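This report refers to the structure that appears directly beneath it.
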Amino acid sequence: VCVDGLDQTPYARKAPIGATAQPRFLGRAKNELVGEAHSPAYEAVHRRRIAFVDDRHWVIEDTLTGESEHRYDLRFHLPPGEAWTSGAAVLAPGLALVIDGADEITIEPGWVSPRYGVKHDAPVVSAVARGREATFRTELLPR
């Protein structure tokens with residue numbers, strides 16, 4: 001998740017610039033993991049809960065809480081190929097995402113790198129919410 005256009009840890013080429021985000025593992029239940037990150041780039045705190053449901057699909061809940069208003073941009077890099085939106089759903093090769101909590105969902109041109117030095121054109125999902133707090137609930141489903 002980018003906050004006000006900033007990554008959790010600023011990078012230049014291969015290495016972080018300055019301080020890095022501080023992750024903290026908060027716990028594990030049967031099929032669920034929870035953690036949070038504090039970024040040196042902004043004051044908002046990002047908490048993520050990941051659950052594997054019915055041995056079939058993933059649910060990711062991202063909660064962001066700040067002292068002031070922010071623009072929160074949840075981003076997913078998809079596999080190469082065509083992707084499109086339909087309301088809160090994003091459809092891509094072999095995958096469907098359903099994102100609740102976003103004010104707008106768009107698909108932007110981007111890339112993925114299967115290994116160092118190799119880039120492939122690939123779509124990137126951008127789900128944006130604005131405010132002091134935001135919660136995105138994303139279901140990742142196989143197609």
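What you see is a predicted model; the values in this text were computed from it and never measured. All residue numbers in this chain count up from 1 along the given sequence.
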Is any side-chain heavy atom of V1 closer than 4.5 Å to one of L64? yes

Do T138 and L74 make a side-chain contact, defined as non-hydrogen atoms from C-beta onward lying under 4.5 Å apart? yes

Around atom CD of E108, are there more than 12 heavy atoms of other residues, nucleotides or ligands at under 6.0 Å? yes

Run the numbers on I105 and V125 for side-chain contact (heavy atoms from CB on, under 4.5 Å), then give the verdict. CA-CA 7 Å; I105 299 172; V125 175; 4.1 Å; yes

May I ask you to say whether R49 pairs ionically with E32, meaning some side-chain N is under 4.0 Å from a carboxylate O? yes

NZ/NE/NH1/NH2 to OD/OE distance under 4.0 Å, D73 and R75: yes

Using modelled atom types only, decide if a donor and an acceptor are shared between the side chain of T85 and the backbone of G87 within a distance under 3.5 Å. no

Would you find a donor on one side and an acceptor on the other, under 3.5 Å apart, between the side chain of E133 and the backbone of G131? no

Does the distance from a Lys or Arg side-chain N to an Asp or Glu carboxylate O, for R71 and D4, drop under 4.0 Å? no

What I'd like to find out is whether the side chain of V34 reaches to under 4.5 Å of the side chain of R48, using heavy atoms alone. no

Taking every heavy atom of V112 against every heavy atom of L78, the minimum-distance pair comes out as CG1-O, 3.4 Å

How many angstroms lie between atom NE2 of H38 and atom CZ of R47, to the nearest 0.5 angstrom? 8.0 Å

Contact summary for P123 and P80, nearest pair of heavy atoms: CD-CA, 4.5 Å

So which atom in R132 and which in Y72 form the shortest heavy-atom distance, rounded to 0.1 Å? O-OH, 2.9 Å

Same hydrophobic cluster for I60 and V124, using side-chain heavy-atom links shorter than 4.5 Å among ILVMFWY? no

Under 3.5 Å, side chain of T9 to main-chain N/O of T20, donor-acceptor pair present? no

Using a 6.0 Å cut-off, check whether atom CZ of R28 has over 12 heavy atoms from anything other than its own residue. no

E43 versus H70, side-chain donor and acceptor atoms under 3.5 Å: yes

With side chains defined as the heavy atoms from C-beta onward, is the minimum distance between P142 and H57 less than 4.5 Å? yes

For L91 and A96 the tightest heavy-atom approach is CD2-CB, 3.7 Å

Hydrophobic cluster membership, Y42 vs V45, 4.5 Å side-chain cutoff: no

Let me confirm one number: the CD1-CD distance from I50 to E61, rounded to the nearest 0.5 Å. 11.5 Å

Does the side chain of L141 reach to within under 4.5 Å of the side chain of L95, using non-hydrogen atoms? no

Got a second to check how far D121's CG is from W111's CH2, nearest 0.5 Å? 11.0 Å

Are N31 and V53 packed together at the side-chain level, in the sense that at least one heavy-atom pair is separated by less than 4.5 angstrom? no

Counting C-beta onward and ignoring hydrogens, is there a side-chain heavy-atom pair between T135 and D100 closer than 4.5 Å? no

Quick one: do E104 and R130 satisfy side-chain contact (heavy atoms from CB on, under 4.5 Å)? Show the steps, please. CA-CA 10 Å; E104 58 188 87; R130 292 171 180 80; 3.4 Å; yes

Between E139 and R56, is the salt bridge (Lys or Arg N to Asp or Glu O under 4.0 Å) condition met? List the steps. CA-CA 11 Å; E139 291 189 55; R56 178 157 165 67; over 6 Å; no

At their closest point, which heavy atom of F136 faces which heavy atom of I99, and how far apart are they? CD2-CG2, 4.4 Å

Check: E36/H46 side-chain N/O donor and acceptor closer than 3.5 Å: no

Drop me the distance from W84's CH2 to I107's CD1, to the nearest 0.5 angstrom. 9.0 Å

Correct closest heavy-atom pair for S126 and V128 would be OG-CG2, 3.7 Å

